[in-house]
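What you see is a predicted model; the values in this text were computed from it and never measured. Residue numbers begin at 1 in each chain, while the letters A, B, ... track the order of the sequences.
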Number of protein chains: 2
Amino acid sequence: MSLIAVARGDEPPDLVITGAQVFSAFTREWLELDVAIAGGRIAGLGAYDGGTRVDADGHWLVPGFIDAHVHIESSKLVPAEFARAVVPHGTTAVVTDPHEVGNVLGLAGVEWMLAASESLPLDVFVMAPSCVPASSFESPGFALEAADMEAILRHPRALGVAEMMNFPGVIAGDPEVLARIVSSHVDGHAPGVTGRALNAYIAAGVRSDHEATTLSEALEKRQRGMWVLIREASNAHNLRDLLPLVREFGPSWCAFCTDDREPDLLFREGHIDQMCRIAVSEGIAAEDALVMATLHAARAHGLLDRGAIAPGLRADLVLLEDLTEFRPLRVWKDGELVASDGGAEAFAAAPIPEFVRATMRSAPLAADAFAIAETARVRVIETIPGQLITLAREDEPTVADGCVIADPARDLAKIAVIERHHATGRIGLGLVRGFGLQTGAFASTVAHDAHNLVVVGADDASMRACAERLQEIGGGIAVGRDGAVRGELALPVAGLLSDAPVEDVVTALEALQYMLREQGVGDDAPFMTLSFLALSVIPALKITDRGLVDVERFELVPLAV
Amino acid sequence: MSLIAVARGDEPPDLVITGAQVFSAFTREWLELDVAIAGGRIAGLGAYDGGTRVDADGHWLVPGFIDAHVHIESSKLVPAEFARAVVPHGTTAVVTDPHEVGNVLGLAGVEWMLAASESLPLDVFVMAPSCVPASSFESPGFALEAADMEAILRHPRALGVAEMMNFPGVIAGDPEVLARIVSSHVDGHAPGVTGRALNAYIAAGVRSDHEATTLSEALEKRQRGMWVLIREASNAHNLRDLLPLVREFGPSWCAFCTDDREPDLLFREGHIDQMCRIAVSEGIAAEDALVMATLHAARAHGLLDRGAIAPGLRADLVLLEDLTEFRPLRVWKDGELVASDGGAEAFAAAPIPEFVRATMRSAPLAADAFAIAETARVRVIETIPGQLITLAREDEPTVADGCVIADPARDLAKIAVIERHHATGRIGLGLVRGFGLQTGAFASTVAHDAHNLVVVGADDASMRACAERLQEIGGGIAVGRDGAVRGELALPVAGLLSDAPVEDVVTALEALQYMLREQGVGDDAPFMTLSFLALSVIPALKITDRGLVDVERFELVPLAV
């Protein structure tokens, strides 16, 4: 075995990184020694001759970052472009739950995600989606059954069961829900679940959670043996709120994850490196941040071949300029240099099969598709900036001509979810507060988890213009005003992803966000917030093509109170 | 699933422990709440009604202790008696390497160990012995091949590959040695191995080590990703020397193990509880000691169902009187009370099959069996109190009548290793210093790893008396003087174990140790020290039936220099 011979010094390494401060994840200290690499693995730490020499000039050599829980689809990028976006930020592995493409395309969609993430300079591990559909209130393109999950788990990059979002079903001991636990490695999703309900959820075999939003919630989960996956997503900024857990109890049993990030956040601010930067700016020791960004994420998923700089492990390495900005100077994957100074070459993207493109099948909109009959009191979804959860409010609607209408003056917009997979013509209607939309509308075929067509508007004509445009172009996001579309980003891949380079996607998205700001929307990530208003498993009030969902009672409720 | 229903409070628990300070291994803090148990598992932490109530009266509830690396055979007890010795001390699981019985009886011996440890209130996990024989210098009853290891690994209680003691072979990349790595979970054994040799050993896939004797050695191993299994054995007292690692770098990646303990140490001072006691007396926080004694030992072996008090885990629990003495008031295994106030009922021991008893097959001793021809300068094995390693010395022997003889005045005893499995008549002869033996002899058929008959003496007649007595009784340990046996402890089970209760074994062993003290031997565990003088994989100079072994050069060397 050549690696052993290199390690003991009898054969030359392929590469030796000298002069670095080398991070020891197991002791959280820095070592001044060479790192020798052979055959894509770390051969040894110490003094090594031969091989290509890279002088690290006193900079900080750390393991490649690992995202412990992400949905790649939220980046709106195909896997090769996602890799091109995150690898220069030092990420060399992600654990993804491909349940977005699973909702649109079923098992074939997950298999496409696995195929499309082959041979990248980023190891894409997959958890088998456990909740497709997320609940019976949602209408996906396809469902995934336990047998489909088992099929996924036969793939060498499949690790276990993805987030068990149907936490009420788990806690109730629903046999159909428990039948989805087809592996001993099970990720969780238990927003706000505490006490005996949390005990029940964990007793079912769930080993992690990334939904904690407060110190007390995260602490209770960690005390009971869950890996706390600290999240910093585009619209779930939980990192700062959870850092006291690390400050008080140390970084054990904590790892970093991003869950859902818009491409602009990935491109402008970064990925796991950005979480390290924030953590350190909040007073966390760099070494504590780094173990959460590397070793702990690996061990949370039972990955023993990475997450540290140690003999035998994969040579996934990042040379950081400093321990405040965490800017990667160089990134190596399996011993190969794959990014320098923030930039990476394009990685060969697999061709996209036609079935992944042709997913928009919605019925034409009726003339009165968005009309809401007059009623005295209505339920209102209220968004919370930077959070996935909503508040369930009630209010008196504004009425005109016998119909409930949007009322920008009161920050009341209409929201519609249009079924788009089976042309049923089903539309759920409601009201939403919190966007600040003063005029026009915006729409998206990214609408968790079933990814029907969601549209929010101040007037019906602009809503119709946006929705019909997305029907035409096979999915995407759009902004409209005065009954016409102002701008759009086509997402022809499953109605979720662009096939364009990350730079183009970011430019288009930012243009749309700018238009929305002009139209009164203050949210930093309005399309992300929009996309979660249809997710029926995160409290409190959500909407699907079947109508409003009271998540806490876990039932459909009428708009009228 | 009833456990989930109990957890959420809809069905009554079997047992509720109230009023305890409950150890949270994941945050190293104490929680004041109930622990509910159902079906042998922990259902939940919190407030629970119903079930049998146990008031813990403010005492300390911790997970059952786990020994991360032990050879049960060193206790000289059959597994049921070993359990009776350690369970009252709070141990509820051990990871054992049955390579002693493997050396004597091969695969059948390991299978007997697995069968004899069924249905105990102690989970006995087995690592497949990787080095039987330990080296080509040793003569066991049977060898274990890679195929035998694979057969062992099919057992549900088999976890991986036991300590790769042939570290020179691993480091050299010897294909026959590497072929023994038949699992991804591999325990190590690398005494004094550092630098590039250590890198090579780890790069081969070895994940733990329990042989570090100094802080710097343990630190280097931990930095490179090994689990440091801190050992406190009868004759390898490494705990105090390694605690600075915990003090300086925290308890992560460290766990406790006992490796080899004489029954008197287990019975008088305890097991993992004793290691906690020592650690705390040395200034380690009780919480840090406890995670090394529980959770870390479990995780080091990939055991996710134990090691903490958390929902879904096994209800293996210990109620401690305090956090200084760590005296268990009660011990529960799978939710059943199995020990109280230091005592346990006898556990049903399986009948011992005849083939496990009839293992002594040695040739009659020739009249001059122990004679050493005169020579000017000889190699001398020097023992070190409390350590497994020896020093390789040279000296001028004392000579009489043309023969090298023992010389108690110079603390030079004769040592002989007599092959006892295949009646070859092969005997290795040498000299040993360090016991202080002034008169007589002592002998044992426990002689790592091949377990031939080892005898040390100040005179040949006493050596012969001891050796011949052990040949008669099928193995054991004996002390002789003036050409006659003074006392013995029969070990008829594989020549390694007694079939008597632990109390009787301790009484007999202590009597023999007392006799040896009368004869000048100062060692606390002289039979343990004796038993390791034949182990050819621990430095520096050892002896087998084939002669002296220079372990560092890994070759046989003549007695004469």
Is it the backbone or the side chain of [X] that comes under 4.5 Å from a heavy atom of chain A, or both, or neither?
X        : result
B/Val170 : backbone
B/Ala43  : backbone
B/Leu295 : side chain

Roughly how far, to the nearest 0.5 Å, is CG of B/Leu31 from CG of A/Leu219? 8.0 Å
Working to the nearest 0.5 angstrom, can you tell me the gap between B/Leu304 CG and A/Arg207 CZ? 4.5 Å
Kindly give the heavy-atom pair with the smallest separation between [X] and [Y], and that separation in Å.
X        : Y        : answer
A/Leu45  : B/Arg224 : O-NH2, 3.6 Å
B/Phe26  : A/Gln223 : CD1-O, 3.8 Å
B/Ala200 : A/Ile4   : CB-O, 3.7 Å

Taking [Y]'s backbone N and O only, do any of them form a donor-acceptor pair with [X]'s side chain (distance below 3.5 Å, no angle check)?
X        : Y        : result
A/Asn199 : B/Ala7   : no
B/Arg8   : A/Ile171 : yes
A/Arg196 : B/Ala47  : yes

Using heavy-atom distances under 4.5 Å, tell me whether [X] contacts chain B through its side chain, its backbone, both, or neither.
X       : result
A/Arg28 : side chain
A/Leu33 : side chain
A/Glu29 : side chain

At a heavy-atom distance under 4.5 Å, which candidate from [options] has the highest pair count against chain B?
options                               : answer
A/Ser252, A/Pro311, A/Gly312          : A/Pro311
A/Ala308, A/Gly46, A/Ala25, A/Gly9    : A/Gly9
A/Ala310, A/Gly302, A/Ser24, A/Gly225 : A/Gly225

